Amino acid sequence: MCGISGWIDFQRDLTREQPAIDAMCDTMSCRGPDARGTWVAPHAALGHRRLAIIDLPGGTQPMTSPDGDVVIVYSGEAYNFTELRDELRRRGHRFATDSDTEVVLHGYLEWGAKVAEHLNGMFAFAVWDSRTEQLLLIRDRMGIKPLYYYPTEQGVLFGSEPKAILANPLAEKVVDADGLRELFTPVKTPRQAVWAGMSEVEPGTILTVDRTGLREHTYWQLDAVEHTDDQQATVQHVRELLDDIVARQLISDVPRCVLLSGGLDSSAITALAGLELSRSGEQVRSFAVDFLGQAENFVPDDLRATPDTPYVHDVAQHVGSKHQDIVLSPDALADPAVRRATVQARDLPMGLGDMDQSLYLLFKAIREHSTVALSGESADEVFGGYQWFHDPEVRKADTFPWLAAVRAHRDGESQVLDPHVQDVLSLESYVADRYRESLAAVPTLDGESAFERRMREISYLHLTRFVRILLDRKDRMSMAVGLEVRVPFCDHRLVEYVFNAPWALKNFDGREKSLLRHATADALPKSVVDRVKSPYPSTQDPKYAAALQAQVSDLVAAGSEALSLMNGPWLREALAKDPATIDTPTRFHFERALDLATWFDIHNPTIKL
């Protein structure tokens with residue numbers, strides 16, 4: 001796992017631009033604390049920061065081909081690199097290291113851009129081929145690892161995060177109306193990076209840059225195919241896939257662990273990891289987040305019916321993991337320095353409130369013991385786990401399901417923005433347009449019923465939009481502390497297979513995630529098998545809300561520029577509330593205002609409405 005950056009310019013002599021190249025590379029230091037390297041030629045410059053995971057002494061980058069004509073900077077993991085190396089050796093390739101980066105490089109020498117189709121893993125990498133003066137930017141199928149680019153008059157800038165691109169003097173720190181629309185609506189528009197002129201490389205896509213310009217090629221996408229396995233065979237195949245995926249993703253030359261929330265998803269990964277490691281006499285290590293006093297004072301709500309901790313401990317005992325709870329206080333969650341770290345990690349104020357801060361602090365604590373962690377992220381999107389998948393009203397709503405589901409929790413959100421900003425952005429129209437675009441891309445299967453078609457649409461929206469929001473959050477919070485988080489449920493083989501299973505198979509027992517529950521039930525305690533879906537935890541401590549209120553009051557007193565965007569009718573009323581009565585929507589608006597203020601302080605963006 002690493003951070004990559006680069007600059008291609010077909011007119012400028014980049015050998016004279018070392019300070020700018022170094023600045024781009026150095027913004028990635030959190031992603032790669034173990035090593036740093038740059039490679040510079042007249043028209044191409046590549047930078048790399050390394051977090052050493054595989055072949056600690058031999059994976060130095062940028063890495064060049066034996067003849068020096070091809071250079072790669074690579075971020076991520078190819079879980080099938082040992083099989084690919086064996087195949088490439090049979091084809092005559094010789095290897096000097098045991099790293100997966102060298103395998104990917106030789107894969108390019110053998111197959112060209114089609115190397116992407118041979119990889120199983122999470123990755124974002126750049127290949128500069130001096131023989132053709134061509135740059136390839138390649139991103140994994142599900143978008144687990146981030147990759148951004150910024151076209152210039154004579155070439156392109158790129159990086160794992162926007163901050164690498166923004167460090168170059170050619171990139172302007174401008175956010176226009178479309179960028180703001182993306183900030184205030186969780187729709188994850190393809191390619192939209194918020195910063196004007198900047199784009200994301202789409203998952204499953206190869207971007208080619210040469211003297212003729214930029215070209216995009218999709219090498220993978222979700223397709224609709226007939227599912228022919230019956231219930232028993234489907235459950236069995238899901239388990240076989242999960243066993244193989246977890247075994248592959250446990251491969252590491254550094255300490256690894258699992259993230260355990262006590263829900264079905266993370267518990268399944270923990271149990272399967274425990275079974276796999278026990279074969280070699282190793283004990284799986286697990287970590288969970290908790291909040292001071294939450295287990296004793298938990299109050300059920302519409303989203304979370306039960307606290308996590310009892311289930312976490314059931315799984316840890318059942319699996320025999322070496323477990324540790326990371327308990328966070330409201331003061332730690334509200335610490336402005338922690339908020340600054342999370343906004344800095346994202347480069348954008350698009351957070352999920354205390355769930356960002358708690359995730360960051362969890363990962364920071366884990367990093368003291370492990371460098372790699374396996375997560376249960378994305379199982380809800382793959383298996384249909386969210387409550388709104390099963391809500392008839394949400395199913396028929398003419399908008400993104402996650403927006404329809406949370407409307408009741410965000411009453412008055414339209415009043416949060418400054419009235420002028422609200423008029424200019426017209427967020428409802430923006431969401432409606434993006435929704436229609438997303439539906440047009442859904443693959444179809446002849447003979448599907450209207451109901452199956454709708455459930456395929458909902459699944460597709462989650463797997464191509466919503467999951468990317470969560471994967472991006474997971475990547476930024478983990479890499480901000482130099483922790484590599486792997487997501488077994490995003491293996492493309494599993495995603496393809498379950499996506500095409502009929503909805504009747506996905507909830508055949510009348511519950512959410514039936515396929516996952518029955519595929520792993522033998523390895524789990526009954527309490528978890530029977531547990532109702534509960535989202536990632538959020539603090540209920542009123543001290544946290546009170547701290548947010550006080551900090552927003554300080555923003556008002558200071559005349560913060562952030563409030564020029566959020567100076568809606570809500571503000572005066574919210575600041576006058578008794579902290580003990582601050583509801584979830586108000587708390588979320590406080591968090592967004594503080595994120596915006598922090599973002600302005602870090603980046604000083606120019607806003608163009």
Side-chain angles (χ1 to χ4, degrees), residues 242 246 250 255-278 281-301 303-330 332-333 354-355 357-370 372-377 379-380 385 474 478 483 485-489 511-513 516-541:
L242 287 172
V246 170
L250 283 169
R256 68 273 207 236
C257 65
V258 292
L259 308 177
L260 177 58
S261 72
L264 177 62
D265 315 337
S266 65
S267 299
I269 297 300
T270 302
L272 296 181
L275 290 172
E276 176 64 25
L277 292 177
S278 68
E282 187 177 348
Q283 182 183 23
V284 65
R285 183 157 200 173
S286 58
F287 292 88
V289 69
D290 196 7
F291 305 107
L292 198 63
Q294 181 125 319
E296 299 82 7
N297 304 308
F298 180 83
V299 177
D301 59 27
L303 293 177
R304 300 170 180 87
T306 52
D308 285 344
T309 300
Y311 298 92
V312 167
H313 294 170
D314 280 356
V315 174
Q317 182 177 9
H318 184 84
V319 173
S321 69
K322 182 179 181 181
H323 180 74
Q324 182 175 344
D325 291 326
I326 306 300
V327 182
L328 305 177
S329 69
L333 292 171
D354 73 295
M355 291 184 284
Q357 283 87 265
S358 67
L359 196 64
Y360 171 82
L361 291 170
L362 170 66
F363 288 158
K364 187 176 181 180
I366 290 173
R367 187 60 175 87
E368 297 177 5
H369 308 279
S370 300
V372 170
L374 272 63
S375 165
E377 191 79 88
D380 287 310
K474 181 86 71 178
S478 60
L483 177 71
V485 174
R486 299 175 177 178
V487 279
F489 291 117
R511 304 228 10 227
E512 78 283 355
K513 293 182 286 195
L516 176 60
R517 178 176 292 100
H518 286 262
T520 58
D522 65 296
L524 296 171
K526 189 175 185 303
S527 62
V528 170
V529 174
D530 293 339
R531 189 186 184 192
V532 175
K533 161 70 183 173
S534 183
Y536 182 85
S538 177
T539 181
Q540 296 183 337
D541 197 319

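Computed from a prediction, not measured in an experiment: that's the story for all the values here.
Between Leu250 and Leu374, some side-chain heavy-atom pair lies under the 4.5 Å cut-off. A 4.5 Å side-chain heavy-atom check between Tyr311 and Ser534 finds every atom pair outside the cut-off. Residues Gln294 and Asp308 form no side-chain contact, since every pair of their non-hydrogen atoms from C-beta on lies 4.5 Å or further apart. A heavy-atom distance below 4.5 Å is found between the side chains of Cys257 and Ile366. Looking at Phe489 and Asp380, their side chains never come closer than 4.5 Å, going by heavy atoms from C-beta outward. Contact annotation: the side chain of Val532 never approaches that of Thr306 to less than 4.5 Å [non-hydrogen atoms, C-beta and beyond]. A 4.5 Å side-chain heavy-atom check between Pro525 and Gln317 finds every atom pair outside the cut-off.
For Thr520 (side chain) and Ala523 (main-chain N/O), no donor-acceptor pair under 3.5 Å exists by modelled atom type. Not a single donor-acceptor pair under 3.5 Å links the side chain of Arg256 to the backbone N or O of Arg285. Using a distance-only test at 3.5 Å, with no hydrogens or angles considered, a donor-acceptor pair links the side chain of Arg531 to the main chain of Gly262.
Evaluated for a side chain to side chain contact (heavy atoms under 4.5 Å, CB included) with Phe291, the options Val327, Thr539, Ile326 yield exactly one hit, Thr539.
Heavy atoms only, all atoms of each residue included: Leu242 and Leu516 are closest at CD1-CD1, 3.8 Å. Between Leu259 and Lys474, the shortest heavy-atom distance links the atoms CD1-NZ, 4.2 Å. When all heavy atoms of Ser266 and Ser261 are compared, the closest pair comes out as OG-N, 2.8 Å.
Under the rule for a ring-ring contact (aromatic ring centres under 6.0 Å, His included), Phe298 has no partner lying at least two apart in sequence or in another chain.
Salt-bridge formation is not detected for the pair Lys533/Glu512: no Lys NZ or Arg NE/NH1/NH2 atom is positioned less than 4.0 Å from an Asp or Glu carboxylate oxygen.
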Apply the test side-chain contact (heavy atoms from CB on, under 4.5 Å) to residues Val246 and Ile269: give CA-CA distance (whole Å), side-chain angles for both, the deciding distance (0.1 Å), then the verdict. CA-CA 7 Å; Val246 170; Ile269 297 300; 4.1 Å; yes
Give the intermediate values and the outcome of side-chain contact (heavy atoms from CB on, under 4.5 Å) for residues Asp265 and Lys513. CA-CA 9 Å; Asp265 315 337; Lys513 293 182 286 195; 2.7 Å; yes
